[in-house]
Amino acid sequence: PVLSLKADRIDVRFIRLNSNQGPAAARNTGAEQADQPIILFIDADVEMQRLTLKRIQDAFETNPEISAVQGIYTSSAPEGFNTVTRYQNHYYHFAFKTIQAEYPAVCATYCFAVKRDVFVSAGGFDTSIKKPTVEDEAFGYRLTELNHKIQLHRGVQVTHLAHYQFDTLILRKFRMSFNQVKSLLRGVKPPVNSGDGHNKTHHSKDTLGAVL
């Protein structure tokens, strides 16, 4: 079962920006107003399972050394979704699920929880990245370089409700790859093994690799 929350039906506080400054700025603005020890980022096109929040809370309580918890997409798409969308959901699910590193350098904000003090000390998301492309990926790299541990929790799953067509999917992958190159040119690079005995696998939403 999934948990679908309509923001206008529950007791939440809306923060409206005067202009579209990109997802990084929007998330940073929301995080600045948060007063709880854990910040959870959830995309608008996902549905949480009923145990999603409890499993995130349990993860922090049972493993105090972690700084963040990364969830994954379910492998299935709702009934009626086309083949391209089903393929992409399977890709997202298994690309994350098969990561072997104990604490990978991964951040995908469709379901990502982080300790508030860690988020603040790391400087939040890079607001120079205006489009929804690699701003979360870069943040995951930065957390790992700062020796924070991100737990990839395969039991924390959300259902992706985005629809894809073949042409829009190809364009999306091109846009993501283009922005990954731009990010590298700005000096944002995947973390490498720092000699601490842990492999640091890095993963973006559209490419998968391991730096050993």
Side-chain angles (χ1 to χ4, degrees), residues 5 7 12-46 48 56 66-73 88 92 95-96 103-153 156 158 160-162 164 168 171-191 200-209:
L5 299 179
V12 299
R13 178 155 51 104
F14 285 95
I15 302 172
R16 298 188 182 277
L17 303 180
N18 294 328
S19 60
N20 184 356
Q21 303 171 37
R27 295 185 187 116
N28 287 350
T29 300
E32 289 171 0
Q33 302 300 316
D35 57 5
Q36 297 299 310
I38 303 297
I39 300 172
L40 172 62
F41 296 98
I42 290 285
D43 279 354
D45 61 356
V46 302
M48 292 186 293
I56 291 173
I66 63 174
S67 296
V69 173
Q70 174 66 56
I72 67 174
Y73 284 130
Q88 188 66 357
Y92 280 149
F96 274 76
Y103 298 112
V106 57
C107 172
T109 46
Y110 60 78
C111 184
F112 183 79
V114 60
K115 292 179 178 178
R116 186 180 184 279
D117 58 343
V118 170
F119 182 83
V120 172
S121 65
F125 295 101
D126 185 353
T127 56
S128 69
I129 304 174
K130 301 297 183 182
K131 300 295 184 180
T133 51
V134 296
E135 76 289 343
D136 49 359
E137 181 180 332
F139 183 68
Y141 295 166
R142 187 158 70 254
L143 284 185
T144 301
E145 289 288 12
L146 293 172
N147 293 316
H148 292 296
K149 294 180 179 179
I150 303 171
Q151 179 184 355
L152 178 63
H153 197 317
V156 174
V158 294
H160 197 202
L161 302 181
Y164 295 98
T168 57
L171 288 174
R172 171 186 170 81
K173 289 185 176 294
F174 175 80
R175 185 179 73 249
M176 293 293 296
S177 297
F178 177 76
N179 280 276
Q180 284 164 357
V181 171
K182 287 176 61 178
S183 182
L184 287 171
L185 293 175
R186 287 195 300 267
V188 178
K189 298 179 180 180
K200 296 180 178 180
T201 300
H202 70 279
H203 178 74
S204 73
K205 294 181 287 296
D206 288 275
T207 60
L208 180 65

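Atoms considered below: every heavy atom in the structure, side chains included; atoms not considered: hydrogens, waters and symmetry mates.
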Using a 3.5 Å cut-off and no angle test, enumerate the donor-acceptor pairs between side-chain atoms of residues 15-26 and protein atoms at least two apart in sequence or in another chain.
from	atom 1	to	atom 2	distance (Å)
Asn20	OD1	Gly22	N	3.0

task = Not counting sequence neighbours, which residues clear side-chain hydrogen bond (donor to acceptor under 3.5 Å, both in side chains) with Asp43? List them please.
result = none

ask   = Atom CG of Leu146 and atom OG of Ser67: how far apart are they, to the nearest 0.5 Å?
value = 9.5 Å

ask   = Taking atom OH of Tyr103 and atom CG of Leu143, what is their separation to the nearest 0.5 Å?
value = 14.5 Å

inquiry  = Going by side-chain hydrogen bond (donor to acceptor under 3.5 Å, both in side chains), name the residues that satisfy it together with Arg27, two or more places apart in sequence or in a different chain.
reply    = Thr109, Glu135

His153: partners by side-chain hydrogen bond (donor to acceptor under 3.5 Å, both in side chains), with sequence neighbours left out = none

ask   = For the residue pair Phe96 and Tyr110, does the interplanar ring angle fall in the parallel (under 30°), tilted (30 to 60°) or perpendicular (over 60°) class?
value = perpendicular

task = Could you pull out all residues at least two apart from Phe112 that satisfy ring pair (Phe, Tyr, Trp, His ring centres under 6.0 Å)?
result = none

request  = Test side chain to side chain contact (heavy atoms under 4.5 Å, CB included) on Val156 and Cys111 and set out the steps.
outcome  = CA-CA 8 Å; Val156 174; Cys111 184; 3.7 Å; yes

note = Applying side chain to side chain contact (heavy atoms under 4.5 Å, CB included) to Ile39 and not counting sequence neighbours gives Ala31, Ala34, Phe41, Val114, Arg116, Phe119

inquiry  = Looking at Glu137 and Cys107, would you say the former's side chain and the latter's main chain have a donor-acceptor pair under 3.5 Å?
reply    = no

Gap separating the CG atom of Leu152 from the CD1 atom of Ile72, nearest 0.5 angstrom = 6.5 Å

key: Interatomic distance, Asp126 atom CG to Asp136 atom CG [nearest 0.5 angstrom]   = 11.5 Å

key: Spacing of CD1 belonging to Ile56 relative to CD belonging to Gln70, to within rounding of 0.5 Å   = 9.5 Å

